[in-house]
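Computed from a predicted model, the values in this text were never measured in an experiment. For this chain, numbers begin at 1 and follow the sequence in order. Every number for a ligand or one of its atoms is a count from 1 in the order of the listing. Excluded from the calculations below are hydrogen atoms, water molecules and symmetry mates; all remaining heavy atoms, backbone and side chain alike, are included.
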Amino acid sequence: MTSFRALVGTVFLSAIVFQSCLVHGNFYSDTYFNWGAKHAYIFGDGDDLNLVLDQSAGSGVQSHKSYLFGSIELLIKLVPGNSAGTVTAYYLSSTGDYHDEIDFEFLGNSTGEPYTMHTNIFTQGKGNREQQFKLWFDPTADFHNYTIHWNPTAVVWYVDSIPIRVYRNYKSEGIGFPDEQGMQVYSSLWNADNWATRGGLVKIDWTGAPFRAELVNGTGPLAFSNVPILTEANWWTSPDYMQLSSDQQWKLKWVRDNYMIYNYCTDYERFHWQMAPECSKPQY
Ligand SMILES: *[C@@H]1O[C@H](CO)[C@@H](O)[C@H](O)[C@H]1NC(C)=O
Ligand SMILES: *[C@@H]1O[C@H](CO)[C@@H](O)[C@H](O)[C@H]1NC(C)=O
Ligand SMILES: *[C@@H]1O[C@H](CO)[C@@H](O)[C@H](O)[C@H]1NC(C)=O
């Protein structure tokens with residue numbers, strides 16, 4: 001993320017929204033291009049956004065507002081064909097040295113080879129919590145629903161309504177959790193061929209350029225405050241505690257058993273057997 005962040009530069013928090021309503025997002029009114037505006041475009045009444053990457057640059061948008069908690073949903077169709085070296089990112093982030101961040105990133109691959117879906121969470125500037133997955137469908141053939149639910153008790157990443165990762169609030173036990181800083185929503189398509197595909201060995205094949213990732217129909221951010229307000233979403237049995245149903249817990253386990261390809265919690269060598277404390281806590 002570092003190189004991208006440098007391109008984005010510093011952004012300032014705008015008002016934090018305290019309301020509960022299901023907002024059908026509009027890329028025209030809710031976001032602006034922070035990068036590569038010249039070759040990315042919004043159309044279809046603001047429902048559709050195409051991010052474009054060519055040899056001159058990638059492109060990205062960010063939300064005008066910052067949100068403290070919410071549910072952010074985007075339908076994304078990733079770059080098809082030979083997408084090796086490209087990264088489509090969709091994430092929430094606050095600013096500053098002690099920033100919080102919740103990530104979805106899609107690392108492209110050679111034609112016919114699977115994308116890697118990368119997730120991470122930063123709290124007060126500390127990341128190193130990567131988990132990566134293969135997908136159980138072709139993410140370039142159609143739109144799929146990538147949603148981040150974030151409330152005071154947990155962050156849940158969903159793909160087509162299947163929870164793939166849970167990060168619970170164990171702050172009372174000294175474990176970082178993002179619950180104090182508002183975050184903006186970002187999405188971008190960029191060239192990461194210095195690391196994305198086989199550690200940088202596979203370079204972007206520009207004969208396929210321009211590359212295009214399509215994003216549509218973002219709802220949300222559905223923002224709510226700490227004040228217990230009922231949201232329209234029934235997956236929060238209570239806004240105070242994000243509880244997955246037994247069916248969702250089963251699906252979470254199915255994805256993690258079958259499609260998770262990297263988990264920082266089991267990378268003992270990297271962390272010299274000093275595993276992050278949240279790794280020994282229930283995360284479902
Ligand atoms: C690309 O596909 C290869 C072969 O399936 C896989 O080993 C590799 O992890 C994939 N790379 C990315 C960036 O997804
Ligand atoms: C996307 O997934 C979220 C989380 O499961 C769900 O609440 C929402 O209704 C889904 N949206 C669409 C358009 O399917
Ligand atoms: C996006 O929303 C529009 C209008 O609400 C709808 O016609 C279209 O099918 C939606 N697209 C997807 C991929 O869900």
Side-chain angles (χ1 to χ4, degrees), residues 20-26 47-48 69-90 92 102 104-120 130-140 142-151 154-166 185 189-205 211 213-224 230-237 239 242-245 247-252 255 259-263:
S20 172
C21 56
L22 191 58
V23 185
H24 185 82
N26 183 298
D47 276 346
D48 305 281
F69 310 124
S71 176
I72 296 90
E73 162 191 335
L74 269 189
L75 305 185
I76 305 177
K77 191 171 170 180
L78 295 171
V79 173
N82 186 359
S83 58
T86 70
V87 171
T88 305
Y90 156 41
L92 315 182
I102 304 169
F104 260 123
E105 284 183 304
F106 303 90
L107 316 188
N109 213 333
S110 314
T111 307
E113 299 297 339
Y115 263 82
T116 293
M117 180 173 67
H118 175 99
T119 63
N120 201 358
E130 300 87 355
Q131 291 185 347
Q132 296 184 333
F133 304 81
K134 280 184 299 182
L135 292 163
W136 49 97
F137 51 82
D138 175 0
T140 70
D142 216 336
F143 290 97
H144 290 270
N145 175 354
Y146 303 94
T147 293
I148 296 169
H149 286 328
W150 169 38
N151 92 356
V155 175
V156 184
W157 290 252
Y158 287 90
V159 176
D160 292 335
S161 297
I162 296 178
I164 59 149
R165 177 172 185 180
V166 178
V185 183
L189 171 59
W190 48 294
N191 171 1
D193 73 1
N194 56 340
W195 63 270
T197 309
R198 298 199 197 128
L201 291 179
V202 181
K203 296 298 176 190
I204 287 189
D205 177 3
F211 301 102
E214 298 177 56
L215 292 74
V216 296
N217 289 1
T219 58
L222 165 64
F224 71 99
L230 282 179
T231 72
E232 295 180 36
N234 57 16
W235 19 258
W236 280 320
T237 49
M242 204 184 303
Q243 175 69 56
L244 298 185
S245 68
D247 179 57
Q248 286 174 321
Q249 288 182 31
W250 187 89
K251 287 176 171 155
L252 175 72
V255 167
Y259 294 94
M260 189 160 62
I261 53 177
Y262 179 80
N263 184 356

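Proximity of Q243 to Q249: side-chain heavy atoms (C-beta onward) are separated by under 4.5 Å at one or more points.
When all heavy atoms of L107 and Y115 are compared, the closest pair comes out as O-CD2, 3.2 Å. The two residues M242 and A154 have their closest heavy-atom pair at CE-O, 3.3 Å. Taking both residues in full, the closest heavy atoms of E130 and N120 are given as N-OD1, 3.5 Å, listed atom of the first, atom of the second, then distance.
At a heavy-atom cutoff of 4.0 Å, ligand 1 is contacted by no atom of A84, backbone or side chain. At a 4.0 Å heavy-atom cut-off, ligand 1 touches T116 through backbone and side chain alike.
Taking every heavy atom of P114 and a limit of under 4.0 angstrom, the matching atoms of ligand 1 come to 1 (C), 2 (O), 5 (O), 10 (C), 14 (O). In the vicinity of N145, heavy-atom distances shorter than 4.0 Å reach the ligand 2 atoms 1 (C), 2 (O), 3 (C), 8 (C), 10 (C), 11 (N), 12 (C), 14 (O). Within ligand 1, the atoms closer than 4.0 Å to a non-hydrogen atom of N109 are 1 (C), 2 (O), 3 (C), 8 (C), 10 (C), 11 (N), 12 (C), 14 (O), numbered from 1 in the order shown.
Residue contact check for ligand 1: G108 places a non-hydrogen atom closer than 4.0 Å to it.
Here F104 and Y90 bring their ring centres to under 6.0 angstrom of each other.
At least one N or O atom of E73 sits closer than 3.5 Å to an N or O atom of ligand 2. For ligand 2, the polar-atom distance check finds no N/O of H149 at less than 3.5 Å from any of the ligand's N/O atoms. Any N or O atom pair closer than 3.5 Å counts here, and Y115 shares no such pair with ligand 1.
Without hydrogens or angle criteria, N109 side chain to P114 main chain gives a donor-acceptor distance under 3.5 Å.
Side chain to side chain, N145 and T147 meet the donor-acceptor criterion of an N or O pair below 3.5 Å.
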